[in-house]
Every structure is written in structure tokens, then in C-alpha cells.
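Single-structure report; data block below.
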Amino acid sequence: MKKVIYYIAFFCAVFSFAQTKVGDVHFNDVDVFDKSELMLNGAGVREKMYAIALYLDFEVDGVEDGVMVAEKDKTMAMTIKITSSIEDSDFKNIVRNGLERATDGNSYLLENQIRDFLNLLPNKINKFDIFRILYVKGGSLSLFKNKELLGTINSKEFKKALFKIWLGENPVDMELKEDLLASYEPNPILGRWKTYDKKSGVAINIVQLYIIENKVYGSIQRMLRISERDAICYECQGDDKNQNVEGLVIIKGLKLKGDKYVNGKFTDIKNGNVAECQMWIDEDDSNILNVKYKGGGGVHQWKKVKE
């Protein structure tokens, strides 16, 4: 799930993704930052002052990759949830001290960017405030508070130093660094899956699976046959009737029961039929998604699309 998809962005405005609890707060397993969809890599708590989560769109092997992540010119983000009231001066001192540690005493080389960043911080920082730091490939680092954009700093070097506060060789908290780089394993059902015609074995489309309020949904991201990319589902029912096939939500409302997702609906774009659906992943092969729906002729095997 490395590129934002318009229908997920829409749902994010209304619903919540599946979440992971860290201390007394929760972080979305998948989240959208401005126009970037990222996956939770790890999260931890800092001395009861705040909880912080690292969001990436690439894999890390563990704590040894901290500097690599901080220096990498790829889109990434951190979400900071304040868990106790902090004076703004104290919070700014935390940032300054962290930057001094991260740069081995050379933070003065970034003094202009540091001042610009600290000036973005509000005069009052309250318990339950949420700050988001989004770095976009190319050098743009933006700070948000409770969904409000506070400002942007354009500096790759400042981004490296800022992320090294938590991920560098001399982080503010080594245990927290380990938590952030824990290579968090998201729900294996999330992501993109290639579907196939059961009889011919020919690939049909790519379906993106996502979770809203603990229920699985899936939309057609791409029809693989070029001639079908502008197809309309004339046979579909209800609100889906006469909608473009690409972008159509064909998996709806599956709930986890045991080791399977069940009691959902599957829409067959060939004939518009809507049928009961279930899906599961076998422990010995996480790259195969088993999908079964009434009238489908048995179990269909979808293959994970590797990024």
C-alpha cells in the first residue's frame, strides 16, 4: 500500500482504520498524511510525556536501520500524541536537546531551520494534542497539529537531524528507538491482491483490501486488460449500478471470526450478482489469499502484489 488511493482517502475522512494500542493511546495501522498513505512500522512511549509512532512505505530490518531511515529521502511520517500537559518551552527544549544529540553537538549548523521549526509550535501544548511530522520525498517537512497545517520547512538536512532525535545513533531514548524500528507486522490481509479467472488462470484485476472499523473492504484498483479499464458495471445493483469498474468496492463488511474473515458481500462485476463471501490466509503461505463466495465455483486464490 504505497500510494494513496482516492477511495481510501475518502473513507479516512469518515472512518478509522484498524488500530494498535501503545500505552494508553491508539495509532492507526495504516494512515493518510496529507496525500500520502503510510503503514505503521512501530510505536512507543516517552516517559509518560508523549507516545510516538513511525509511519513508512518501505521495510526495515530492525534497530540497526535507524540512521538509514532518518537519512533516507523517501516519504515518511511520525505521529506524536501528547499524554500529559507540557509547557511549550519544555517541549522546545526537548526538541533542541534532541537535535544537539542527533548532530553530535553541531545543531548550530541548522540554527535557521531549527528556529523556523520551533516557531511553528503553539504557545500552549495540551494533553491529547496530536502532532504529525510529514516528510515528503524531495525535502519538504510539514508539521500538523490536530489536522491543521502549522507550516513547512524545506530542508533535507533538517529532516535527517529531526528524525535522528528518535532514530539516530544517540537517540533521546534507546528503548523508544527499538520500539519505533520494531518492523511492525501489519494485518497480512491488507494490501493489493491480483485476482484470476478460476478456469483459464488469466489475471483479471488488482484489488486493494483495507479495514474500516474492523471490517474488510476491497476495491478494484486496476483492470489488467487495457480494454476493460473504462468498463461500466451496468449489471451491478443499487448504488453500484452504472459505476466505473475501476474504483468499485466489490468486497464489503467482512468480519474476523477465528482465522477467517466472514459474513461479507462479494460483487461479481461480470453479472452484478452479490453473494456471501469469506476469505482467509493459510499460515504456510501469506502471499496467497483464499476467497470463497456463493456461486464462485469453489475457492479462488488471489496472489499478493509485491511492491
Side-chain angles (χ1 to χ4, degrees), residues 1-12 15-20 26-43 53-61 69 74-77 79 137 181-197 203-224 229 245-257 259-262 264-267 269 277-293 299-307:
M1 300 176 66
K2 297 187 178 180
K3 294 183 179 178
V4 65
I5 300 171
Y6 72 92
Y7 50 81
I8 290 187
F10 169 77
F11 283 128
C12 281
F15 301 102
S16 301
F17 285 108
Q19 296 185 324
T20 293
H26 293 80
F27 291 101
N28 291 336
D29 291 350
V30 182
D31 214 340
V32 176
F33 298 80
D34 195 18
K35 297 181 180 179
S36 301
E37 181 188 303
L38 301 170
M39 298 177 68
L40 178 66
N41 188 82
L54 173 65
Y55 288 86
L56 306 172
D57 70 350
F58 57 91
E59 295 182 357
V60 299
D61 292 327
V69 172
K74 288 207 67 173
T75 297
M76 61 185 72
T79 294
K137 181 179 179 180
L181 295 164
S183 297
Y184 168 75
E185 292 293 337
N187 189 321
I189 207 167
L190 296 174
R192 299 192 301 155
W193 299 89
K194 185 178 287 188
T195 77
Y196 298 84
D197 183 274
I204 302 172
N205 52 39
I206 293 175
V207 173
Q208 178 95 33
L209 294 184
Y210 49 98
I211 295 178
I212 297 173
E213 294 190 332
N214 297 317
K215 296 180 182 179
V216 173
Y217 294 80
S219 297
I220 296 176
Q221 180 187 21
R222 192 58 137 173
M223 295 299 294
L224 297 177
R229 289 182 180 170
V245 168
E246 286 195 349
L248 193 68
V249 181
I250 62 169
I251 300 288
K252 297 177 181 177
L254 280 79
K255 298 179 181 179
L256 182 63
K257 184 176 182 179
D259 57 358
K260 293 184 178 181
Y261 285 89
V262 300
K265 300 293 184 181
F266 174 85
T267 298
I269 59 174
C277 175
Q278 59 179 289
M279 57 179 59
W280 68 94
I281 296 175
D282 293 327
E283 290 185 4
D284 57 351
D285 193 347
S286 61
N287 292 315
I288 297 294
L289 178 67
N290 300 290
V291 181
K292 185 177 181 181
Y293 54 91
V299 178
H300 296 248
Q301 291 192 322
W302 298 358
K303 294 181 181 179
K304 189 84 168 181
V305 176
K306 304 219 173 155
E307 306 295 344

If you look at every heavy atom in [X] and [Y], which pair is closest and at what distance?
X	Y	value
C277	V291	SG-CG1, 4.1 Å
T79	F33	OG1-CE2, 3.4 Å
V249	S219	CG2-OG, 3.3 Å
K260	W280	CG-CB, 3.5 Å
T75	D57	O-OD1, 3.9 Å
Y210	Q208	CD2-O, 3.6 Å

Could you state the interatomic distance from [atom1] ([X]) to [atom2] ([Y]), rounded to the nearest 0.5 Å?
X	Y	atom1	atom2	result
I206	R222	CD1	CZ	8.5 Å
I288	W193	CD1	CH2	7.5 Å
M76	L54	CE	CG	7.5 Å
I220	L248	CD1	CG	5.5 Å
M279	I251	CE	CD1	4.0 Å
S36	K137	OG	NZ	12.0 Å

Polar side-chain atom of [X] near backbone of [Y] as donor-acceptor pair, under 3.5 Å:
X	Y	answer
Y55	N28	yes
T20	F27	no
E37	V30	no

ask   = side chain to side chain contact (heavy atoms under 4.5 Å, CB included) between V216 and I211: does it pass, once the steps are laid out?
value = CA-CA 5 Å; V216 173; I211 295 178; 4.0 Å; yes
request  = Take V69 and F58, measure what side chain to side chain contact (heavy atoms under 4.5 Å, CB included) needs, and give me the verdict at the end.
outcome  = CA-CA 9 Å; V69 172; F58 57 91; 4.1 Å; yes
message = Does K303 have more than 12 heavy atoms from other residues, nucleotides or ligands lying within 6.0 Å of its NZ?
response = no
ask   = Are side-chain heavy atoms of L289 and Q301 found at a separation under 4.5 Å?
value = no
message = Within the structure provided, determine whether L224 and K194 are in side-chain contact (heavy-atom separation under 4.5 Å).
response = yes
key: Test applied, side chain to side chain contact (heavy atoms under 4.5 Å, CB included); reference residue, V245; option that passes from N205, I269, I250   = I269
query = Using the ring of each side chain (for Trp, its six-membered ring), is Y293 parallel, tilted or perpendicular to H300, with breaks at 30° and 60°?
reply = parallel
